[in-house]
Number of protein chains: 2
Amino acid sequence: MLAVMNTMVSGTTLAEVAAAIGDTARANILAALMDGRALTAGELAWHAGVSAPTTSGHLARLRQAGLVAEERQGRHRYHRLAGPEVAHALEALMAVAASGPPRHRPTGPRDEALRAARTCYDHLAGRLGVGLADALQARGHVVIADGAGSLTEAGGRFLSGALGIDLAAARSGRPLCRTCLDWSERRPHLAGRLGAALCARCFELGWIEPVRDSRAVAVTEAGRRGFAEAFGLAF
Amino acid sequence: MLAVMNTMVSGTTLAEVAAAIGDTARANILAALMDGRALTAGELAWHAGVSAPTTSGHLARLRQAGLVAEERQGRHRYHRLAGPEVAHALEALMAVAASGPPRHRPTGPRDEALRAARTCYDHLAGRLGVGLADALQARGHVVIADGAGSLTEAGGRFLSGALGIDLAAARSGRPLCRTCLDWSERRPHLAGRLGAALCARCFELGWIEPVRDSRAVAVTEAGRRGFAEAFGLAF
DNA sequence: GCGACGCTTCGGCCGCGGCCGAAGCGTTCC
DNA sequence: GGAACGCTTCGGCCGCGGCCGAAGCGTCGC
């Protein structure tokens with residue numbers, strides 16, 4: 001009972017960070033930012049379901065915890081996740097949340113849209129994300145082993161050739177191809193710079209489009225054809 | 001402000017899990033369990049710095065959140081982390097906590113011991129853990145790429161030959177070689193089944209020993225020789 | 001069977017913090 | 001300059017939940 005100062009090295013701040021996430025309104029704010037975009041306080045207030053003053057307080061706290069960063073631009077202030085580690089931690093927590101007690105959560109249509117295809121910080125998740133990872137792996141374009149992925153030579157040629165993804169730009173900095181446990185599918189999808197590039201390219205090609213006020217993405221008609229041709233996916 | 005039901009799909013439970021972690025006493029309990037062992041409520045009360053009744057309540061809450069599992073054995077009840085995902089989420093949160101505001105945290109001797117060498121759930125972390133990962137990588141025994149590791153053939157021979165690590169037993173189930181961001185070194189160390197096997201073998205060989213009431217491990221005289229010979233590490 | 005022991009449940013206290021409306025501050029637009 | 005706008009700060013209310021001591025319950029040892 002007199003330990004207190006013992007494991008506190010990480011303890012206190014671990015608790016601080018977790019407590020910052022551990023409130024419904026703030027968790028909703030963070031979830032809204034998980035698509036990697038920067039939103040204004042007003043938009044976040046809407047997502048969180050609380051008033052502007054309350055949101056302001058929450059944002060201050062999230063900032064102090066190092067979870068979100070603020071960017072001032074004229075009379076607007078944009079808020080975004082502080083970095084990829086934050087998105088990673090949130091994703092890990094969601095995986096724990098989803099793996100927890102198998103209590104029946106009502107599965108609404110919105111939920112279904114999210115499970116089908118959504119963005120996860122800067123890459124694709126849901127059945128689409130997992131499907132892409134599976135397809136790339138099945139064709140030997142990516143080797144998913146030991147919990148992470150590596151792009152093969154054939155994979156590099158395929159992505160730059162057939163899809164026009166510039167991998168030279170993605171070579172440095174963040175890991176090229178991390179995997180990320182999908183909380184809805186409970187299987188890995190592709191994250192890292194490859195995942196981000198792939199996602200961005202799908203938007204560019206008009207294969208997917210954002211769904212208003214949601215992290216879900218809609219697969220367009222062009223996307224249905226594209227995913228079928230390039231990856232053999234039926235969407 | 002009327003969104004509420006919107007991104008709540010993951011929101012509510014994300015908040016629940018985070019809130020369960022976000023209390024000093026509970027964070028201390030979880031940190032104490034991070035070495036993968038199962039502890040009794042009494043021991044955890046000591047670690048948390050609160051009374052037995054309070055600890056009991058905390059454990060109930062952690063269990064309900066799916067973070068901790070209970071094992072009854074006679075008049076004792078052992079508590080352990082519910083699974084590797086939980087350890088992973090905690091590690092990710094610690095990384096965020098460590099990366100946050102670079103405020104000066106007092107760095108005591110205990111802290112120094114933890115930074116030198118400690119267990120992280122079931123594998124090694126700190127300078128020792130990162131050093132082992134670096135050495136294995138430098139010699140081509142492990143390829144750390146894209147945020148995860150793969151064991152090479154030479155690496156397999158080295159580990160089974162020179163160290164006597166039975167990798168056949170580690171072939172199935174959890175990923176063989178994940179990497180895990182070290183919160184003190186801010187660089188990856190080896191986790192997954194390889195990390196666990198390596199850690200266990202170091203204990204078996206008497207190279208490291210547990211430090212009482214801490215996740216830190218001490219490198220023995222034999223360990224100093226062993227790590228130098230096998231990995232070229234000075235400890 | 002009886003006490004010792006480990007832990008949980010109960011009851012009550014108290015403070016932290018989430019919530020809002022009103023007011024204040026800074027930016028932009030005209 | 002003045003009004004509109006977006007956001008933050010302030011003040012006050014209220015309830016959740018962390019804390020403990022005391023009592024209860026199950027297990028073990030003699």
Side-chain angles (χ1 to χ4, degrees), chain A residues 1-4 8 11-33 38-65 67-80, chain B residues 1-4 8 11-33 38-65 67-80:
Chain A
M1 173 156 172
L2 294 169
V4 190
M8 227 167 75
T12 48
T13 53
L14 167 62
E16 281 168 17
V17 172
I21 305 172
D23 167 89
T24 312
R26 286 193 296 268
N28 280 334
I29 288 174
L30 292 169
L33 294 173
L39 302 178
T40 65
E43 293 169 310
L44 290 171
W46 186 86
H47 275 101
V50 293
S51 70
T54 305
T55 304
S56 179
H58 284 314
L59 285 172
R61 181 154 179 192
L62 289 171
R63 225 176 303 126
Q64 203 198 348
L67 290 167
V68 308
E70 187 192 53
E71 248 165 273
R72 310 177 102 109
Q73 220 172 94
R75 84 169 127 184
H76 292 282
R77 300 188 183 189
Y78 289 95
H79 303 268
R80 56 175 174 75
Chain B
M1 173 154 168
L2 294 169
V4 191
M8 224 166 78
T12 47
T13 52
L14 167 62
E16 281 168 16
V17 172
I21 305 172
D23 167 89
T24 310
R26 287 194 295 269
N28 280 333
I29 288 174
L30 292 169
L33 293 174
L39 302 179
T40 64
E43 293 168 309
L44 290 171
W46 186 88
H47 276 101
V50 294
S51 70
T54 304
T55 303
S56 180
H58 284 314
L59 285 171
R61 182 154 176 193
L62 289 171
R63 225 177 303 127
Q64 203 197 346
L67 291 166
V68 158
E70 187 191 55
E71 249 164 90
R72 309 176 102 107
Q73 221 172 93
R75 83 166 127 182
H76 293 281
R77 300 186 183 189
Y78 288 95
H79 303 268
R80 55 174 174 77

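Each chain gets a letter, A, B and so on, in the order its sequence line appears, and its residues count up from 1.
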So if I take the C1' atoms of five pairs at each end of the helix from C/dG1-D/dC30 to C/dC30-D/dG1 and get each local axis, what angle do the two axes make, rounded to 10 degrees? 30°
N/O to N/O distances under 3.5 Å, protein versus nucleotides 8-12 of chain D:
residue: D/dT8; atom: OP2; partner: A/S56; partner atom: OG; Å: 2.9
residue: D/dT8; atom: O5'; partner: A/S56; partner atom: OG; Å: 3.0

The criterion is side-chain contact (heavy atoms from CB on, under 4.5 Å); which residues satisfy it with B/A25, sequence neighbours excluded? B/D23, B/A48, B/V50, B/H58
Please give, in whole Å, the distance from C/dG17 P to A/R26 CZ? 9 Å
Which pairs, protein N/O on one side and nucleotides 23-25 of chain D N/O on the other, fall under 3.5 Å?
none

Would you tell me if any nitrogen or oxygen in the side chain of A/S51 comes within less than 4.0 Å of OP1 or OP2 on C/dG21? no
Do the side chains of A/H47 and A/L39 get nearer than 4.5 Å, heavy atoms only? yes
For B/R80, give me all partners under salt bridge (charged side-chain N to carboxylate O under 4.0 Å, His left out), at least two apart in sequence or on another chain. B/E71
Roughly how many Å is it from CG in A/N28 to P in C/dC19, rounded to a whole number? 11 Å
Go through the structure and list residues passing side-chain contact (heavy atoms from CB on, under 4.5 Å) with A/S56, not counting sequence neighbours. none
Does a nitrogen or oxygen in the side chain of B/H58 sit under 4.0 Å from OP1 or OP2 of D/dG17? no
For the residue pair B/V17 and A/I21, establish whether any side-chain heavy-atom pair is separated by less than 4.5 Å. no
B/L62 has an atom CG; how far is it from atom P of C/dC7, in whole Å? 16 Å
Round to a whole Å and report the spacing from CD of B/E43 to C1' of C/dG6. 12 Å
